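For reference, the structure is listed below as structure tokens.
For clarity, every value in this text was computed on a predicted model and none was experimentally measured. Sequence lines set the chain letters: A, B, ... in the order given, protein chains first and strands last, and positions in each chain run from 1.
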2 protein chains.
Amino acid sequence: MADVKSGTNPLFLREEELRQCIELLFFAYRDFTAGPDEILREYNFGRAHHRVIHFVCRNQGITVSELLEILRITKQSLSRVLNALVERGFVEQRPGVTDRRQRLLYLTEEGKKLEQKISKIQRNQVAQAFMEAGGEAVAGYRKVLSGLINESDRERALKRILNK
Amino acid sequence: MADVKSGTNPLFLREEELRQCIELLFFAYRDFTAGPDEILREYNFGRAHHRVIHFVCRNQGITVSELLEILRITKQSLSRVLNALVERGFVEQRPGVTDRRQRLLYLTEEGKKLEQKISKIQRNQVAQAFMEAGGEAVAGYRKVLSGLINESDRERALKRILNK
DNA sequence: AAAGTAAGTCAACATGGCTGACGTAAAATC
DNA sequence: GATTTTACGTCAGCCATGTTGACTTACTTT
């Protein structure tokens, strides 16, 4: 009589472990976004603005369509957020050099300051977790999260993350 | 002339690595939620419904206030989603035994079926990533993500995750 | 010259957060 | 036993951020 719930059943162990790791991701993400949200509120910005600021910072001169592809939202959704950032002087648009239809995106000095302010909180949070966990754990974290990225997009995404 | 951008500057390396790991979390979460979202759409449910289904499944008989604390949303926000799930027969409410003010939450058979269907996708996705990354990496993943949980809530959250 | 592409706009709608005010039943306390 | 607190719920309205669909403009490619 094989007890499905027995600790000796590898399939059950596996499912339970997987569920725990899924939940872990939820809690980590929940608390990981809480800090930035607080600062953003002071500026009347939201998480959507943060994402734009982050990716424009990491990819100065990015095109609108590249940004859309990263964020996986519609251009109408992006435009609201992007226009607000441009109007309030956090993001700057410059026509592309080789293709003048493009409007390349850059953070202004103001934008860079805000990015620093927000990302510092997250970096401290991550640094703290890294210190507690140790270098080997960090390597594991990177490996697993990389594997969670959609396979068809993984290479491109990783290239972007590790860029330069 | 110390080059701040030099690869030999540990502070720069550190910041760059931290930023990469932050971005990794964004991409992983983005693609991690895409699968469930697709299924949920067929039921006219959203991510909010999924979260309720998930945590009620993992904590059968959970009280409304415990659920609110996990999700970190207002009861008004929860009620919309919860009422829909109850009305459509995915979640069941039973009065508490010792405290009859409570309405303990349970998944119905229907609810369990949907949960299985959704979580199977995520479990497969995570299992795949785990296989590619290896057991040591998984341990690292768990360590780091645990450390990302808000310190004041960490113990309680981890207890809930690892429960039973 | 025509077709395709990058980006933007307007309008309307859905989801899921939020606040504030108020209600009801049960439990806990004075 | 009366009062206060607690668990939960509702109504109403607002806001942020996602969606679709239709159309325009400027530029590039063919």
Exercise for the section: Could you check how far CG of A:L68 sits from P of D:dG18, rounded to whole Å? Expected result: 11 Å
Practice task
Look at the side-chain N and O atoms of B:N83 and state whether any lies under 4.0 Å from the OP1 or OP2 oxygen of D:dT10.
Solution key: yes
Exercise for the section: Establish, with yes or no, whether the OP1 or OP2 oxygen of D:dT19 is under 4.0 angstrom from a side-chain nitrogen or oxygen of A:T74. Expected result: yes
Exercise for the section: Kindly determine whether A:F27 and B:I70 satisfy side-chain contact (heavy atoms from CB on, under 4.5 Å), including the steps that lead there. Expected result: CA-CA 8 Å; A:F27 282 107; B:I70 292 176; 3.8 Å; yes
Fill in the blank from the handout: Between CD of B:Q76 and C1' of D:dC14 the distance, given in whole Å, is 13 Å
Fill in the blank from the handout: Rounded to the nearest 0.5 angstrom, the CZ-OH distance for A:F26 and B:Y29 is 6.0 Å
Handout entry: chain B footprint on DNA chain C, 5' to 3' - any atom under 4.0 Å from a heavy atom
Key = C:dG16 to C:dA27
Practice task
Report whether A:L71 and A:L104 are members of the same hydrophobic cluster (ILVMFWY, side-chain heavy atoms less than 4.5 Å apart, transitive linking).
Solution key: no
Practice task
May I ask you to evaluate whether B:Q93 reaches the phosphate of D:dG9, defined as a side-chain N or O under 4.0 Å from OP1 or OP2?
Solution key: yes
Practice task
Starting from C1' on D:dG18, measure out to CG on B:L40 and report it in whole angstrom.
Solution key: 15 Å
Fill in the blank from the handout: Assert: residue with more 5' nearest nucleotide on DNA chain C, out of A:L82 and B:G46, is A:L82
Practice task
Look at B:S65 and D:dC8 and indicate whether a side-chain polar atom (N or O) is within less than 4.0 Å of OP1 or OP2.
Solution key: yes
Practice task
Check whether the side chains of A:R94 and A:Q102 place a donor and an acceptor atom closer than 3.5 Å, and report yes or no.
Solution key: no
Exercise for the section: Provide, to the nearest angstrom, the distance between the NZ atom belonging to A:K75 and the P atom belonging to D:dC23. Expected result: 13 Å
Practice task
With heavy atoms under 4.0 Å as the rule, sort A:R41 into base, sugar-phosphate or nothing.
Solution key: nothing
Handout entry: A:Q60, CD: over 12 other non-hydrogen atoms inside 6.0 angstrom
Key = yes
Problem - A:R41 side chain vs A:G46 backbone, donor-acceptor pair below 3.5 Å - result: no
Practice task
Measure the CG-OG distance between A:L24 and B:S146 for me, rounded to the nearest 0.5 Å.
Solution key: 4.5 Å
Practice task
Round to a whole Å and report the spacing from CG of A:D37 to P of D:dC15.
Solution key: 19 Å
Completion exercise
Bend of the helix from C:dA1-D:dT30 to C:dC30-D:dG1 from end-axis comparison, five pairs per end, nearest 10°, comes to 30°
Exercise for the section: In plain terms, say whether B:D153 and B:R160 are close enough for a salt bridge, that is, a side-chain N and a carboxylate O under 4.0 Å apart. Expected result: no
Problem - Gap between atoms CD1 and P, on A:I73 and D:dA16 respectively (whole Å) - result: 16 Å
Handout entry: Options D:dA12, D:dT19, D:dC8, nucleotide nearest the side-chain atoms of B:V64
Key = D:dC8
Practice task
For A:R123 and A:Q116, test the side chains for any donor-to-acceptor distance below 3.5 angstrom and give the result as yes or no.
Solution key: yes
Practice task
For atom CD of A:E155, decide whether the heavy atoms of other residues, nucleotides or ligands shown that lie under 6.0 angstrom number more than 12.
Solution key: no
Problem - Interatomic distance where CG belongs to A:L71 and C1' belongs to D:dT19 [whole Å] - result: 15 Å
Practice task
Rounded off to whole Å, could you give me the CZ-to-C1' distance for the B:R80 and D:dC14 pair?
Solution key: 11 Å
Handout entry: Side-chain H-bond candidate by donor/acceptor type, A:K117 with A:Y43, under 3.5 Å
Key = yes
Fill in the blank from the handout: Of D:dA12, D:dA22, D:dC8, the nucleotide closest to the side chain of B:Q102 is D:dC8
N/O-N/O pairs, protein side and nucleotides 28-30 of chain D side, under 3.5 Å:
{"residue": "D:dT28", "atom": "OP1", "partner": "A:R100", "partner atom": "N", "Å": "3.3"}

Practice task
Please figure out whether A:S77 or B:L104 has its closest DNA chain D nucleotide nearer the 5' end.
Solution key: B:L104
Exercise for the section: Scan side-chain atoms only and decide if B:H54 and A:E23 contain a donor-acceptor pair under the 3.5 Å cut-off. Expected result: yes
